[in-house]
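The model shown is predicted, which means the values in this text are computed figures rather than measured ones.
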Amino acid sequence: MIQYKAFQWLFFFYLYCFFGWCFESSYVSLKSGRLVNRGFMRGPFLPLYGSGAIMMLIVSSPFQDNILLTYIAGVIGATALEYITGVTMEALFKVRYWDYSKQPFNFQGHICLSSSIAWGFLTILMTRVVHRPVEQFVLLIPGSLLFPLTMLLTIYIVVDFTLSFKAAMEIRDLLDKMQKLKEEVERLQRRLDVIIAFNDAEKLQRRQENEQSLAELSSGLKQRFVSLKESIQNMPAAYGEGIREEIAELRGRFSHYIDAQKNYSEMLGFYKRDMIRSNPTMVSKKFKNVLEELKHIVSGEQQREEDDQE
């Protein structure tokens with residue numbers, strides 16, 4: 001393999017980030033029936049593909065004359081890269097941007113056998129078919145032009161990645177707030193259930209409702225307050241002053257929770273909305289239910305935007 005200069009390696013990385021974005025965005029768009037800007041970043045770049053391509057070139061370089069060793073090197077190198085990237089991103093953001101948990105022979109949902117096998121064949125395709133014309137094209141570009149172009153791309157990508165990283169961290173913080181709010185609403189609900197003294201069937205219903213979304217829990221609480229108000233009006237003697245004060249305090253807390261829920265949509269800026277839309281398969285062990293609710297909020301906004309355009 002030709003010895004590249006540092007900025008040429010960097011340009012190859014950006015080029016394959018772009019190729020990866022074209023491939024995956026096209027695939028997901030065709031599969032979902034709508035345009036999807038796939039990936040972690042908002043611009044047309046997927047760093048995992050760029051990193052994978054560079055890794056393939058490096059690990060396979062000692063085995064250019066042996067297709068079997070090239071394949072094995074690709075399987076090992078790309079699988080290790082995918083696993084490390086997946087574990088790191090989940091540790092940082094508490095969200096998985098891809099998940100192989102439903103695939104056979106997966107490991108922790110970050111990697112799976114079918115993906116690793118595919119990486120090996122992609123390494124052969126990459127090193128023996130794709131990269132050769134790409135290499136010729138890049139080497140034809142004068143250094144006086146390629147270097148400033150690479151630097152401009154670097155500035156753009158660094159800014160995009162920084163904003164995307166910030167958005168991902170803010171999504172994590174928002175999910176944490178939603179989870180804590182859901183737990184508070186559940187505690188409030190349980191206290192109301194004690195006050196209202198539900199029968200056994202209704203207690204079973206309450207346990208089932210705890211698995212519902214935050215919006216559904218809030219709707220259930222609203223109905224409880226209405227029921228409680230009617231009970232107080234019909235049997236005022238059954239509720240002492242202390243209970244009434246507690247109910248008023250709980251109603252005040254509930255109003256605060258409703259206001260907090262209304263703020264979620266306002267807290268989702270362009271980068272956060274687009275990141276959620278671009279990764280419809282993202283999952284989270286820690287924030288499973290509230291992540292689905294956040295995705296539902298974003299998809300509802302997108303549907304309203306599409307309806308307004310029609």
Side-chain angles (χ1 to χ4, degrees), residues 1-27 38-41 44-92 96-100 103-154 157-158 161:
M1 185 171 63
I2 299 173
Q3 296 299 313
Y4 306 125
K5 296 179 180 178
F7 69 89
Q8 290 174 322
W9 274 114
L10 203 53
F11 188 79
F12 282 130
F13 171 74
Y14 297 151
L15 205 56
Y16 289 120
C17 285
F18 175 71
F19 289 165
W21 175 86
C22 290
F23 167 76
E24 187 145 339
S25 294
S26 298
Y27 172 76
R38 193 79 168 105
F40 178 76
M41 297 168 60
F45 299 96
L46 276 172
L48 182 61
Y49 279 83
S51 302
I54 298 303
M55 179 278 307
M56 290 175 185
L57 293 174
I58 293 174
V59 300
S60 65
S61 60
F63 317 112
Q64 291 183 11
D65 298 327
N66 191 317
I67 193 170
L68 178 60
L69 291 179
T70 297
Y71 176 86
I72 294 173
V75 168
I76 295 173
T79 300
L81 175 65
E82 189 173 35
Y83 179 77
I84 293 170
T85 303
V87 169
T88 302
M89 291 183 73
E90 185 174 17
L92 282 173
R96 290 186 181 186
Y97 284 83
W98 66 88
D99 183 40
Y100 297 129
Q103 298 294 325
F105 305 106
N106 76 84
F107 181 68
Q108 298 179 352
H110 295 297
I111 56 176
C112 68
L113 180 61
S114 59
S115 177
S116 296
I117 291 172
W119 280 123
F121 287 113
L122 284 173
T123 301
I124 295 173
L125 179 66
M126 173 71 192
T127 57
R128 303 197 173 217
V129 179
V130 175
H131 186 65
R132 290 175 181 176
V134 171
E135 178 187 61
Q136 293 175 3
F137 167 74
V138 172
L139 293 179
L140 286 175
I141 303 175
S144 58
L145 176 62
L146 187 63
F147 180 79
L149 177 60
T150 304
M151 293 304 101
L152 287 174
L153 282 172
T154 300
I157 289 175
V158 167
F161 182 83

- Is the Phe12 ring parallel, tilted or perpendicular to the Trp9 ring (thresholds 30°, 60°)? perpendicular

Hits for ring pair (Phe, Tyr, Trp, His ring centres under 6.0 Å) against Tyr14, two or more places apart or cross-chain, chain-then-number order -> none

**Asked** Going through the distances and angles, do Val130 and Tyr16 end up as a side chain to side chain contact (heavy atoms under 4.5 Å, CB included)?
**Response** CA-CA 10 Å; Val130 175; Tyr16 289 120; 4.1 Å; yes

request  = Take Phe19 and Val134 through the side chain to side chain contact (heavy atoms under 4.5 Å, CB included) test and state the conclusion after the steps.
outcome  = CA-CA 11 Å; Phe19 289 165; Val134 171; 4.0 Å; yes

Tightest non-hydrogen contact, residues His110 and Val87, listed as CD2-CG2, 3.7 Å

For this session: For the residue pair Tyr83 and Phe107, categorise the inter-ring angle as parallel (less than 30°), tilted (30 to 60°) or perpendicular (more than 60°).
Result: tilted

For residues 136-149, which side-chain donor-acceptor pairs fall under 3.5 Å, sequence neighbours excluded?
none

Practice task
In sequence, state the C-alpha distance, the side-chain angles, and the governing distance for Trp21 and Met41, and then conclude on side chain to side chain contact (heavy atoms under 4.5 Å, CB included).
Solution key: CA-CA 10 Å; Trp21 175 86; Met41 297 168 60; over 6 Å; no

Rounding to 0.5 Å, atoms CD (Glu135) and OG1 (Thr127) come to a distance of 11.5 Å

Give a yes or no answer on whether the side chain of Asp99 reaches the backbone of Arg96 with a donor-acceptor pair at less than 3.5 Å. no

Under 3.5 Å, side-chain donor or acceptor atoms of residues 50-60 against the rest of the protein: list the pairs with distances, not counting sequence neighbours.
from: Ser51; atom 1: OG; to: Pro47; atom 2: O; distance (Å): 2.9
from: Ser60; atom 1: OG; to: Met56; atom 2: O; distance (Å): 2.5

- Proximity of Tyr71 and Phe63 rings by center, below 6.0 Å: no

Between Trp98 and Glu82 the two heavy atoms that sit nearest each other are CZ2-O, 3.4 Å

| message | With a 3.5 Å distance limit and no angle check, can you tell me whether Arg128 reaches the backbone of Thr123 through a side-chain donor-acceptor pair? | response | no

The reported gap from CG in Leu81 to CD1 in Ile111 (rounded to nearest 0.5 angstrom) is 11.5 Å

Does some side-chain heavy atom of Leu153 sit less than 4.5 Å from a side-chain heavy atom of Phe45? yes

Taken to the nearest 0.5 Å, the spacing of Met89 CE from Tyr97 OH works out to 5.5 Å

Practice prompt. Without swapping roles, check the side chain of Thr79 against the backbone of Val75 for a donor-acceptor pair under 3.5 Å.
Written response: yes

Can you confirm whether Thr88 sits close enough to Thr85 that some side-chain heavy atom of one is under 4.5 Å from a side-chain heavy atom of the other? no

